[in-house]
Structure formats: C-alpha cells, structure tokens
Amino acid sequence: MHSSNLIQLETIGFSHEGKSILEDITFSISEGERVQLVGPSGSGKSTILKLIAGIQSPTQGQIFYQGRNLDDLDMPVYRRSVYYCYQQPVLFGTTVEDNLAFPYQIWQQDFDSEQALLALSSVDLSEDFL
C-alpha cells in the first residue's frame, strides 16, 4: 500500500444473503483527489461508499484509511473524518436551516447563518428556503 493514499480498498468483496454484490474491488484515493463511481443501478456504487464509511463491513478484503485498517480504528472517531450522505434526503429538524446547523451542533461549533444565506443566493434560492 502506498503511504500517500487516504483511502485504499484491497480485493474487496461483499455478499448479502448469499448474493455477491462486489468482487475483487481494488483502488485507492489520495488526499484532495476527486473520484466518481459510475455504473448502472444495482452495480454496487452505494455499497462501496457504505463500506468506506464503515456502515457495512466487507465480506472479503481490507479497507485502509491513512494506512490503518478500518477494523483497527475507533469508528466514532473515524466517522468524524469520513462519513456517508444517504441518497434519500432525511430532515433531522423541521427546517432546512435546522439541518444545515446540525453538523455544527455535533462538532460544537457556531453555525454561520449568513454563510448559509450566501450559499443559497449563489444557487438562486431565496432566504425563505431556510
């Protein structure tokens, strides 16, 4: 494994209820690199992301984060750096602003509502959207 890899998957396989979802997946992602997973529905893209996020465990192979095997990491600590955003949106609070502020509350940081308004404006959404 090359030490500059942020994430590395080595011969990953995943099976569910006897059905093979992934077989022999090997790739790495360096810090700052952007990666696209492309394939038809059901090809395992979301499964790969769930494996990287530690939501599911591979049935074969190993996943490394900064050179350390995911099996050896403290998952709550790991998930502060690597997390998975579900495809189906779910609101935690009653407003969009509640949901934008949620990660800041977890990290015990102040939420900048002015920054949120600027972000909305940049995509032509009014502040009523919050």
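If you're wondering where the values come from, they're calculated on a predicted model, not measured in any experiment.
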Joint cluster assignment, Val35 & Ile55, ILVMFWY side-chain distance < 4.5 Å: yes
Where Ile63 and Leu9 come nearest, the two heavy atoms and their spacing: CG1-CG, 4.1 Å
Those residues that, when tested against Tyr104, pass ring pair (Phe, Tyr, Trp, His ring centres under 6.0 Å) (two or more places apart): Phe111
Phe27: ring pair (Phe, Tyr, Trp, His ring centres under 6.0 Å) partners, not counting sequence neighbours: none
Side-chain heavy atoms of Met75 within contact of Leu70, under 4.5 Å: yes
Check: Ile12 and Gln60 side chains under 4.5 Å, non-hydrogen atoms: no
Side chain proximity check, Ser4 to Glu31, heavy atoms < 4.5 angstrom: no
Under the side chain to side chain donor-acceptor pair (under 3.5 Å) test, residues paired with Ser20 that sit two or more places apart: Glu23
Interatomic distance, Phe129 atom CZ to Leu100 atom CG [nearest 0.5 angstrom]: 8.5 Å
Distance, nearest 0.5 Å, that separates CZ of Arg68 from CG of Leu73: 4.5 Å
Pairwise distance CD(Glu10) to OG(Ser28) - rounded to 0.5 angstrom: 9.5 Å
Partners passing ring pair (Phe, Tyr, Trp, His ring centres under 6.0 Å) against Phe14 (at least two apart in sequence or in another chain): none
Heavy-atom side-chain proximity of Val82 to Tyr65 below 4.5 angstrom: yes
Partner residues of Asp24 under the side chain to side chain contact (heavy atoms under 4.5 Å, CB included) criterion, sequence neighbours left out: Thr11, Thr26
Gly54 to Tyr78 - nearest heavy-atom pair and separation: N-CE2, 4.4 Å
Side chain to side chain donor-acceptor pair (under 3.5 Å) partners of Asn69, counting only residues at least two apart: Gln62
Spacing of Leu120 atom CG and Asp128 atom CG [to the nearest 0.5 Å]: 10.0 Å
Test side chain to side chain contact (heavy atoms under 4.5 Å, CB included) applied to Ser121 - qualifying residues, sequence neighbours left out: none
Taking every non-hydrogen atom, the tightest pair across Thr95 and Leu130: CB-O, 3.3 Å
Side chain to side chain donor-acceptor pair (under 3.5 Å) contacts touching residues 37-58 (sequence neighbours left out): Ser46-Gln87
All side chain to side chain donor-acceptor pair (under 3.5 Å) counterparts of Ser126, not counting sequence neighbours: none
Shortest non-hydrogen contact between Pro103 and Asn99, atoms and distance: CD-O, 3.4 Å
Straight-line distance of Ile7 CD1 to Leu51 CG, nearest 0.5 Å: 11.5 Å
Asn5 vs Ile29 side-chain heavy atoms within contact, under 4.5 Å: no
Stepwise side-chain contact (heavy atoms from CB on, under 4.5 Å) test for Ser15 and Thr59: CA-CA 6 Å; Ser15 298; Thr59 53; 4.0 Å; yes
Set of side chain to side chain contact (heavy atoms under 4.5 Å, CB included) partners for Gln115, sequence neighbours left out: Asp112, Leu118
Exercise: identify the closest heavy-atom pair between Glu97 and Ser113: OE2-CB, 3.6 Å
With sequence neighbours excluded, residues passing side chain to side chain contact (heavy atoms under 4.5 Å, CB included) with Gln108: none
